[in-house]
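Here the structure comes first, spelled out in structure tokens, and everything after it is commentary.
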Amino acid sequence: MAKTKTSERQKIQKSKYIMVLAVTTLIFIIGILLGNYFAAQKLSQLDQLTQTLRTDTLAIEIQYDLIAENPCDAVTDTPLAEQLYELATKLDYMESRLGEDDETVLDLKEYYMLLELRHWMFNKKTNLQCGDDKSLILYFYANKDDCPSCEQQGFILTWLRKNYPENVLVYAFDYNIENTALDTIKTIYGVENTPAVVFNEQAYNHFLTKSELEAFTIQVMEDAKAKQELDTNLNETEALKELVEKTLQELDAEKEANNSDN
Amino acid sequence: MIVLGEILMYITSYFGLFAALFFLLTLFENRNHLKNPKPQKVLPTVTVMVPACNEEFSLSKTIKSLLNLDYPKNKLQIIIIDDGSVDNTYKIAKEWAKKHKCIRALTKPNGGKGTALNLGLKYTTGEIVGCLDADSVVDSDCLLKMVGYFKNKNVGAVTPSLKCTTPKTIWQRIQTIEFLLGVYLRKVFSFLGAIHVTPGPFTMFRKSFFDKTGGYDETTVTEDIEVALRLQSKGYEIENAMDANVYAIAMPTFLTTRKQRVRWYRGFLDNVFNYKNLFSKKYGNLGLFVLPSSFASIFLAITVSFYLIYHLAESLLSRFTNLYMVGFDIWKLKWFNADPFFINNSPLMWLGWLSIAMGIFVIFFTKWASKEKDKIAFNYILFALLYLPLFSYWWIESLYCKLAKGKVEWKGRKREAKELEYC
């Protein structure tokens with residue numbers, strides 16, 4: 001019974017092993033190609049989104065400059081800000097998929113940052129000229145290894161934005177991307193590390209909690225309201241002054257008329 | 001860590017895909033050999049040994065199912081061996097022996113399953129011999145489906161299709177799928193001449209094999225692996241009858257399952273070490289592919305589990321910290337993004353879906369081929385989610401025990417009536 005040679009069934013069929021190896025490799029290659037194809041598709045989608053945003057930003061800037069009377073009432077940039085956030089989320093996703101060193105993602109990110117800066121500058125202008133109560137936040141982050149608390153800081157800022165959609169605009173920048181415009185901003189506000197937040201011109205080179213950020217935002221809203229009230233008061237005083245003067249003039253005129261009659 | 005993890009995932013997927021395709025191709029090549037051969041015109045005599053240690057609650061059910069076998073009673077011998085029970089097992093065995101001529105009841109001091117079976121072998125009269133644990137039952141057509149394979153003189157053993165009785169706990173539900181997967185793999189391995197476990201319940205052996213090579217190994221905790229490896233090393237063929245159903249009670253709790261697996265896996269390690277000469281070209285598919293693969297899969301399963309658990313824990317922790325930072329005020333945050341942009345179609349994801357699809361195909365093919373009637377979709381989901389970490393955990397503990405040289409013993413256990421209610 002006991003045998004010494006390999007049984008028929010146990011015999012290694014080399015061709016079968018090679019065939020399975022070939023099919024496995026083929027499926028693997030197809031998988032990788034499909035994955036790459038979809039990644040490329042998504043990147044080109046992002047590229048398109050970036051271009052649209054660029055045009056829209058330009059349009060809104062021109063629109064603002066063109067409308068001579070009351071540009072503040074006519075221009076609204078809320079949908080644009082939402083698109084910027086969408087682009088940011090998608091870029092983040094692609095970065096996590098393709099890695100931090102992917103050239104295309106890096107290029108798109110740099111371009112996105114410039115769009116952000118432009119949007120920020122525009123809002124800064126309208127904030128000043130139209131007396132808006134917007135909190136403009138520049139947020140500098142780095143990857144997890146260099147900045148463990150950045151994820152939480154980002155989450156808190158998202159929370160703030162979602163809870164005060166009319167009043168808060170957040171612009172996030174990768175601290176380590178080298179770009180002259182960004183370097184200038186860093187120098188102007190004295191941003192030295194991550195996480196760092198520039199809240200309406202004031203830089204904080206440390207982690208800010210939810211309550212701190214919320215307090216800042218509310219303060220900005222209250223200040224704007226107070227200013228508005230002050231303006232209204234001033235206007236009212238002016239109007240009263242004018243009225244008094246007008247009445248005085250009328251009285252004077254009446255008086256003179258009476259005198260001449262007499 | 002991420003890059004290393006991804007490389008590991010790719011290696012695992014490649015290896016997994018290769019093995020899965022190889023097995024499917026083997027099955028496809030042998031699609032005309034799935035049917036069992038017809039039984040002999042003159043049926044061989046068969047002895048079924050029932051080793052029992054503290055099995056008073058389930059013994060009778062097992063004996064009834066054996067008596068119900070579609071096999072001439074004059075060709076069937078049943079030997080109940082009481083292995084030093086402290087309950088009424090032997091009393092029940094004697095009552096059965098009194099009622100039926102073909103049943104014999106033996107008793108001995110507790111010494112482990114191997115010793116009980118060796119005592120049984122001494123009294124065996126059948127040309128074919130097998131055992132059935134006292135917590136298992138068989139389908140009535142089970143034996144007839146198996147004996148035909150013994151027409152081939154090279155066949156030393158025929159394995160049945162081992163399944164779980166209807167599951168109640170989640171641990172049992174997971175095991176039903178694990179057992180079904182075992183049914184599939186055993187059939188494929190039989191085509192490759194590579195069966196290396198002959199399950200304790202109802203595997204049938206040629207009695208002359210024991211006469212020539214000695215009885216059961218009394219020192220091992222998993223005699224079913226030892227016998228299989230011995231058969232392979234002596235050049236016998238091991239067959240499988242895919243629709244000859246035997247039902248065992250799956251372990252009902254996490255702890256009992258863990259204990260059983262650690263015993264099995266340690267036994268596997270011990271026995272494979274003893275039969276390391278099987279890792280050779282001489283044993284073809286078994287020596288060069290199936291046995292080495294089973295070791296590779298243990299290593300890969302453990303490392304992949306670690307990687308996935310690390311990933312999951314890290315992401316849960318970071319989510320929790322985020323929520324904590326905003327005082328769990330989450331009502332205005334968006335949780336689900338329906339934008340198709342965020343659908344993950346990375347290569348690993350494609351391979352993941354492919355493996356899930358193949359898994360579903362294999363399980364449902366096995367369900368069909370082994371004539372399984374229970375519904376299994378929910379069990380499959382549980383299995384897909386939980387089996388990998390469980391499998392890894394059992395193996396880590398087994399490897400630790402092996403290295404620490406801890407002892408694992410099989411002494412049977414006193415079953416509680418309420419435990420059987422699960423089953």
Side-chain angles (χ1 to χ4, degrees), chain A residues 1-13 16-17 19-21 23-25 27-39 41-42 45-46 49 86 89-90 93-94 96-99 144 148-149 151-156 158-165 207 209-211 214, chain B residues 2-3 10 13-14 17-22 25-26 29 153-154 156 190-194 206 208-209 212-213 232-237 281-289 318 321-327 329-334 337 339 341-351 354:
Chain A
M1 173 61 53
K3 52 112 215 220
T4 45
K5 64 176 197 320
T6 317
S7 78
E8 242 351 90
R9 291 175 184 204
Q10 284 181 335
K11 231 176 225 170
I12 300 262
Q13 291 169 264
K16 184 172 156 189
Y17 278 88
M19 194 174 102
V20 175
L21 199 72
V23 174
T24 310
T25 313
I27 292 181
F28 236 69
I29 292 172
I30 292 175
I32 289 170
L33 288 180
L34 268 180
N36 287 347
Y37 169 75
F38 282 111
Q41 283 273 314
K42 283 180 181 176
Q45 211 179 320
L46 280 191
L49 197 61
E86 185 194 330
T89 324
K90 290 183 172 174
Y93 175 76
M94 287 317 283
S96 70
R97 273 280 322 278
L98 301 173
K144 213 169 185 172
S149 60
E151 198 188 329
Q152 276 100 47
Q153 187 70 84
F155 193 80
I156 294 174
T158 309
W159 177 88
L160 191 71
R161 178 165 72 73
K162 298 258 177 178
N163 280 272
Y164 297 92
F207 186 87
T209 62
K210 172 198 160 198
S211 42
E214 200 173 14
Chain B
I2 300 289
V3 179
Y10 274 104
S13 322
Y14 194 86
L17 189 63
F18 178 85
L21 287 174
F22 188 82
L25 182 67
T26 306
E29 276 178 343
K153 291 276 179 269
N154 290 329
S190 78
F191 293 135
L192 294 169
R206 207 179 277 282
S208 59
F209 159 72
K212 282 177 193 161
T213 66
Q232 288 287 5
S233 74
K234 300 284 179 197
Y236 287 89
E237 283 177 23
K281 222 166 84 181
K282 202 172 111 189
Y283 296 95
N285 292 316
L286 175 72
L288 288 186
F289 180 55
S318 112
T321 324
N322 283 345
L323 293 179
Y324 176 76
M325 286 289 174
V326 297
D329 175 17
I330 50 171
W331 318 117
K332 290 198 173 133
L333 299 176
K334 201 165 143 194
N337 204 329
D339 192 331
F341 186 91
F342 297 101
I343 293 173
N344 186 347
N345 35 32
S346 67
L348 274 178
M349 224 6 123
W350 287 107
L351 292 166
L354 185 69

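To find a chain, count down the sequence lines: A is the first, B the second, and so on, and within it residues start at 1.
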Steps toward side chain to side chain contact (heavy atoms under 4.5 Å, CB included) verdict (A:I12, B:K281): CA-CA 9 Å; A:I12 300 262; B:K281 222 166 84 181; 6.0 Å; no
Taking C-beta and beyond as the side chain, do A:L46 and B:F341 meet within less than 4.5 Å on heavy atoms? yes
Would you check if A:T25 and B:Y14 make a side-chain contact, meaning some heavy-atom pair closer than 4.5 Å? yes
Qualifying residues under side-chain hydrogen bond (donor to acceptor under 3.5 Å, both in side chains), relative to A:N36, sequence neighbours excluded: none
Under a 4.5 Å cut-off applied to non-hydrogen side-chain atoms, are B:S318 and A:F155 in contact? no
Contacting moiety of B:Y324, where chain A heavy atoms sit under 4.5 Å: neither
Validation row: A:I27, B:L21 side chains within 4.5 angstrom (heavy atoms): yes
Side chain, backbone, both or neither: which part of A:E214 has a non-hydrogen atom closer than 4.5 Å to chain B? neither
For B:T213, which atoms come within 4.5 Å of any heavy atom of chain A: side chain, backbone, both, or neither? neither
So CG of B:L192 and NZ of A:K11: to nearest 0.5 Å the spacing works out to 14.5 Å
Contacting moiety of A:S211, where chain B heavy atoms sit under 4.5 Å: neither
As an exercise: rank A:T209, A:L34, A:I30, A:L160 by heavy-atom pairs under 4.5 Å with chain B and give me the winner. A:L34
Structural part of A:Y17 lying under 4.5 Å from a heavy atom of chain B: both
Relative to chain A, which of B:G287, B:S190, B:A194 shows the most heavy atom pairs under 4.5 Å? B:S190
When the 4.5 angstrom heavy-atom criterion is applied to B:F342 and chain A, the contacting part is both
Side chain from CB out, backbone as N, CA, C, O: work out which of these in B:F191 comes under 4.5 Å of a heavy atom of chain A, or both, or neither. backbone
Under 4.5 Å, counting heavy-atom pairs only, tell me which of B:D329, B:L286, B:T321, B:L351 racks up the most with chain A. B:D329
Counterpart residues, salt bridge (charged side-chain N to carboxylate O under 4.0 Å, His left out), relative to A:K90 (two or more places apart): A:E86, B:D339
With side chains defined as the heavy atoms from C-beta onward, is the minimum distance between B:N285 and A:R9 less than 4.5 Å? no
What's the spacing between B:Y10 OH and A:I32 CD1 if we round to 0.5 Å? 5.5 Å
Chain A heavy atoms under 4.5 Å from B:L354: which part of the residue, side chain, backbone, both or neither? side chain
Measure the CE-CZ distance between B:M349 and A:F38 for me, rounded to the nearest 0.5 Å. 13.5 Å
Side chain, backbone, both or neither: which part of B:L288 has a non-hydrogen atom closer than 4.5 Å to chain A? side chain
Taking all atoms of both residues into account, what is the closest heavy-atom pair of A:G35 and B:P347, and its distance? CA-CD, 3.8 Å
Tell me the closest heavy-atom pair linking B:Q232 and A:Q10, and the distance in Å. OE1-NE2, 2.9 Å
Checking B:S208 against chain A: side chain, backbone, both or neither under 4.5 Å from a heavy atom? neither
